[in-house]
Enquirer: 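Can you read through this structure? Questions will come right after.
Order of the sequence lines fixes the chain letters, A, B, ..., with proteins taken first and strands second; residue numbering starts at 1 for each chain. Quick caveat, the model's predicted, so the values are computed rather than measured.
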Amino acid sequence: MIRVHNLLVRFGEVTALDLPSLTIEDRERLGIAGPNGSGKSTLLRVLAGLLLPTSGTVEGVPRPGRVVLLHERPFMLRGTAMDNVAYALRLRGRPASAAADWLERLGALRLAERPASALSSGERRRVALARALAAGPEVLLVDEPLAGLDTEGLSAVRHALGAFEGTLVFAAPDPEEASLERVVRLVR
Amino acid sequence: MEFLWDGLVEALQLVARGDPEVLHAVYVSLACTLTAVTLASLVALPYGAWLGLYRPRYHRVQVFLLRVGMSVPTVVIGLLVFGFLSRAGPFGGADLLYSKSAIIVGEILLAFPIAGSLAHGATAGLDRRVVETALTLGASRPRALLTVLSEIRSALVAALLATFGRCITELGIAMTVGGNLLLSTRTLPSTIQHELGRGDFGKAVAPGIVLLVLAALAAAVTQWLSREARE
């Protein structure tokens with residue numbers, strides 16, 4: 001269980017996030033809603049351990065690798081789509097040969113040998129989600145994972161997120177995913 | 001003009017027939033520079049990248065010191081090394097003065113701030129998502145640093161070539177602690193200096209031609225890497 005208490009993140013004079021409390025149960029599927037600038041991405045970065053809050057506490061978050069953040073605009077490492085997924089597998093000591101399986105689950109196997117730098121934004125999201133899932137997270141934090149996807153991409157990403165068995169935190173301005181159990185709304 | 005032309009022709013003949021003094025100067029220059037740049041870069045590149053990425057405490061002071069180090073004249077570095085390696089200096093017993101090892105020590109001091117500062121420049125403006133992606137996928141901090149170094153390897157190779165270019169053309173260290181000994185510590189730039197002092201323009205131009213060829217090779221590699229990085 002993840003517990004957030006009196007979380008405050010400030011960048012200089014700007015308050016990026018002010019969240020009195022939040023509890024996320026194990027294997028819960030939680031939506032984080034809110035307009036642009038309400039602190040959704042900031043909350044995910046804090047939960048991922050990539051950003052230290054100005055004040056407040058976050059308890060129960062697994063170490064990086066067990067909690068994986070899928071950025072709103074995922075960064076692709078050098079090499080092909082397959083290399084990107086293989087990177088996550090190698091970090092976990094798993095055989096890189098499983099990369100093709102993960103790409104197939106996202107309907108992205110045809111992209112396997114394509115340079116990651118040549119992928120469209122929608123293709124990047126699918127490959128990045130395959131890479132995140134290949135890391136074998138207990139907690140998956142996804143930041144607007146459906147933005148800019150075509151019909152095929154939407155279906156593949158929804159299916160992959162629906163099949164994920166760990167804790168899912170799904171941030172979007174207005175998440176209406178049927179698989180979400182609860183939605184917390186952040187205000188600006 | 002005839003003087004220049006004759007000098008150039010003589011220089012080309014010396015290079016073409018493999019003049020032993022020129023060849024030995026090429027060997028000394030390459031051996032000292034490659035060793036110094038390799039040893040300095042092994043520490044300076046990760047250090048500069050670490051400064052740029054993780055911005056540790058007092059990183060501004062460290063970056064400032066690197067930049068100061070970049071602009072120290074080579075003859076001052078030579079003086080410093082001379083002080084340490086001379087008979088009366090703290091490492092005088094090692095008997096390294098006027099040897100290739102002394103030139104290497106000096107060139108390491110020259111190369112370190114250049115390579116470190118260029119690596120810092122390559123990482124300081126880097127997209128933070130590179131390191132965040134590596135960390136969130138479970139990479140340790142050293143592993144994330146290696147991932148970043150791999151992502152910016154074209155810039156790092158360019159930094160290495162710039163450092164190489166600065167070291168192989170330096171004169172102050174080679175003269176001060178190398179001693180410019182024929183067929184021993186005489187480098188390409190110190191050969192130019194020596195032969196010009198003797199009034200042998202042709203023999204001075206020959207090592208200059210070799211340096212130009214090496215500079216052209218370094219520029220070609222840098223350009224090729226830039227194109228590869230863009231593609």
Enquirer: By a 4.5 Å heavy-atom criterion (distance strictly below it), what part of A/R63 contacts chain B: side chain, backbone, both, or neither?
Expert: neither

Enquirer: Side-chain contact test, heavy atoms from C-beta onward, threshold under 4.5 Å: evaluate it for A/R131 versus B/T133 and give yes or no.
Expert: yes

Enquirer: Please check if atom CD in A/E59 has more than 12 non-hydrogen atoms from other residues, nucleotides or ligands closer than 6.0 Å.
Expert: yes

Enquirer: Ignoring hydrogens and angles, state whether a donor on the side chain of A/R78 or B/S154 is under 3.5 Å from an acceptor on the partner side chain.
Expert: yes

Enquirer: Less than 4.5 Å to any heavy atom of chain B: does that hold for the side chain of A/L91, its backbone, both, or neither?
Expert: side chain

Enquirer: Which answer fits A/R66, side chain, backbone, both or neither, if we ask what part of it has an atom under 4.5 Å from a heavy atom of chain B?
Expert: neither

Enquirer: Just wondering, more than 12 heavy atoms not from A/R73 lying within 6.0 Å of its CZ?
Expert: no

Enquirer: Might you confirm whether atom CZ of B/F64 has over 12 heavy atoms from other residues, nucleotides or ligands at distances under 6.0 Å?
Expert: no

Enquirer: Contact part of A/P74 toward chain B, heavy-atom cut-off under 4.5 Å: side chain, backbone, both or neither?
Expert: backbone

Enquirer: Rounded to the nearest 0.5 Å, what separation is found between the CZ atom of B/R143 and the CZ atom of A/R90?
Expert: 7.0 Å

Enquirer: Please report the interatomic distance CZ(B/R128) to CG(A/L51), rounded to the nearest 0.5 Å.
Expert: 10.5 Å

Enquirer: Look at atom CZ of A/R182 and say whether more than 12 heavy atoms of other residues, nucleotides or ligands are closer to it than 6.0 Å.
Expert: yes

Enquirer: CZ of B/F84: more than 12 outside heavy atoms within 6.0 angstrom?
Expert: no

Enquirer: One pair to check against side-chain contact (heavy atoms from CB on, under 4.5 Å): B/L137 and A/R92. What are the steps and the verdict?
Expert: CA-CA 9 Å; B/L137 291 172; A/R92 294 301 302 272; over 6 Å; no

Enquirer: Which distance, rounded to the nearest 0.5 Å, do you find between the CG of A/L50 and the CZ of B/R129?
Expert: 13.0 Å

Enquirer: Can you name the residues that form a side chain to side chain contact (heavy atoms under 4.5 Å, CB included) with B/L85, not counting sequence neighbours?
Expert: B/V81, B/F91, B/L96, B/L97, B/A102

Enquirer: If I measure from the heavy atoms of chain B, does A/V68 come under 4.5 Å with its side chain, its backbone, both, or neither?
Expert: both

